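Sharing a structure, written as structure tokens. Questions coming.
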Amino acid sequence: MDSHLKRLLKKYNLKIQFGPTHGDGCIVETPDGYPNLLVVKEGLSDEQMEKVILHELGHAENDDATEKNYKTDYATRLSCESGANSFVVHEQIKKYIDLGNDASNANWLSLAKYIGTDNYCLVQEELLKYCIN
């Protein structure tokens with residue numbers, strides 16, 4: 001796991017735990033004073049694991065901790081998932097640029113497929129943030 005992910009985990013007071021889960025990952029709240037657990041499904045590839053961790057970090061950043069109706073309110077769920085997915089796109093584009101790639105020559109469609117999103121407009125918007133005018 002790269003140092004950027006480690007810094008983000010520390011920022012949101014999360015500790016990674018690998019094990020069985022209903023999906024690819026989730027955040028499990030713990031008693032005060034202990035880091036929450038970011039549970040990642042065992043057996044994922046490194047690439048899949050990174051995307052799951054980023055997605056869950058997106059929930060940590062964007063979801064209101066007092067929001068308890070995620071499972072029962074469809075609109076809340078959509079909003080939370082949208083925020084988490086946007087976080088993944090943001091972080092993956094940032095990583096792409098940090099690797100020395102030129103945003104103005106990027107193939108946004110290929111990047112979107114690599115990231116695992118069909119929100120092509122969001123990928124384009126993130127790339128435009130790095131284009132020099």
Side-chain angles (χ1 to χ4, degrees):
M1 179 179 331
D2 71 21
S3 59
H4 180 66
L5 285 180
K6 288 179 183 178
R7 280 192 303 276
L8 288 171
L9 289 166
K10 186 174 182 176
K11 175 181 178 181
Y12 296 107
N13 197 28
L14 292 167
K15 180 179 177 178
I16 292 218
Q17 176 82 37
F18 295 93
T21 178
H22 293 290
D24 287 338
C26 64
I27 294 177
V28 178
E29 292 186 23
T30 59
D32 287 342
Y34 295 95
N36 287 337
L37 297 176
L38 193 161
V39 181
V40 178
K41 182 179 179 179
E42 293 175 309
L44 296 177
S45 70
D46 289 346
E47 186 178 294
Q48 290 171 311
M49 181 181 64
E50 179 182 14
K51 290 175 185 176
V52 169
I53 292 169
L54 284 173
H55 180 86
E56 296 306 323
L57 285 166
H59 281 297
E61 173 160 305
N62 295 306
D63 295 0
D64 184 357
T66 61
E67 199 68 67
K68 299 296 181 193
N69 58 351
Y70 173 88
K71 292 182 180 180
T72 59
D73 182 5
Y74 185 68
T76 298
R77 184 180 178 107
L78 278 177
S79 176
C80 291
E81 289 302 318
S82 176
N85 291 335
S86 294
F87 184 84
V88 173
V89 170
H90 169 78
E91 290 296 322
Q92 292 285 37
I93 297 295
K94 183 175 183 266
K95 179 180 174 182
Y96 176 81
I97 298 302
D98 288 347
L99 289 171
N101 294 296
D102 179 15
S104 59
N105 291 321
N107 182 327
W108 55 266
L109 184 57
S110 293
L111 265 172
K113 287 180 183 180
Y114 169 78
I115 293 168
T117 184
D118 59 1
N119 191 340
Y120 307 117
C121 292
L122 181 58
V123 172
Q124 289 174 315
E125 287 173 18
E126 283 296 322
L127 284 168
L128 284 173
K129 293 177 182 178
Y130 296 95
C131 289
I132 299 171
N133 292 327

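Quick caveat: nothing in here was measured; it's all calculated off a predicted structure.
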Any side-chain heavy atom of Leu57 within less than 4.5 Å of one from Leu9? yes
Would you please name every residue forming a salt bridge (charged side-chain N to carboxylate O under 4.0 Å, His left out) with Lys41, sequence neighbours left out? none
Would you compute the distance between atom CG of Leu37 and atom CD of Glu29 and round it to the nearest 0.5 angstrom? 11.0 Å
Taking the side chain as every heavy atom from C-beta outward, state whether Ile97 and Lys129 have any atom pair closer than 4.5 Å. no
Show me the donor-acceptor pairs within less than 3.5 Å that the side chains of residues 82-90 make with the rest of the protein, sequence neighbours left out.
from	atom 1	to	atom 2	distance (Å)
Asn85	OD1	His55	ND1	3.0
Asn85	ND2	Glu81	O	3.2
Ser86	OG	Ser82	O	3.0
His90	ND1	Glu126	OE1	3.0

Under a 3.5 Å cutoff, is there a donor and acceptor pairing between the side chains of Thr117 and Asn119? no
Under a 4.5 Å cut-off applied to non-hydrogen side-chain atoms, are Ile93 and Ile115 in contact? yes
So CG of Asp2 and CD1 of Ile53: to nearest 0.5 Å the spacing works out to 9.0 Å
Same cluster (ILVMFWY, side-chain, under 4.5 Å), Leu111 and Tyr120: yes
Taking salt bridge (charged side-chain N to carboxylate O under 4.0 Å, His left out) as the definition, give me every residue that meets it alongside Glu42, ordered by chain and number, with sequence neighbours left out. none
Applying the side-chain contact (heavy atoms from CB on, under 4.5 Å) criterion to Val39, which one of Asp24, Thr21, Ile27 satisfies it? Thr21
For Lys95, which residues count as a salt bridge (charged side-chain N to carboxylate O under 4.0 Å, His left out) partner, sequence neighbours excluded? Glu50
Distance under 6.0 Å and angle within 45° of ring axis: Lys94 vs Tyr130: no
Side-chain contact test, heavy atoms from C-beta onward, threshold under 4.5 Å: evaluate it for Leu5 versus Leu54 and give yes or no. yes
Return the CG to OH distance between Leu127 and Tyr96, rounded to the nearest 0.5 Å. 7.0 Å
Between Tyr114 and Leu109, is there a shared hydrophobic cluster once you connect ILVMFWY residues whose side-chain heavy atoms come closer than 4.5 Å? yes
Residues that, via side-chain heavy atoms closer than 4.5 angstrom, fall in one hydrophobic cluster with Tyr34: none
Salt bridge (charged side-chain N to carboxylate O under 4.0 Å, His left out) contacts touching residues 4-20 (sequence neighbours left out): none
What I'd like to find out is whether the side chain of Glu125 reaches to under 4.5 Å of the side chain of Leu122, using heavy atoms alone. yes
Counting heavy atoms not belonging to Asp98, are there more than 12 under 6.0 Å from its CG? yes
Which atoms form the tightest heavy-atom contact between Thr30 and Pro35, and what is the distance? OG1-O, 3.0 Å
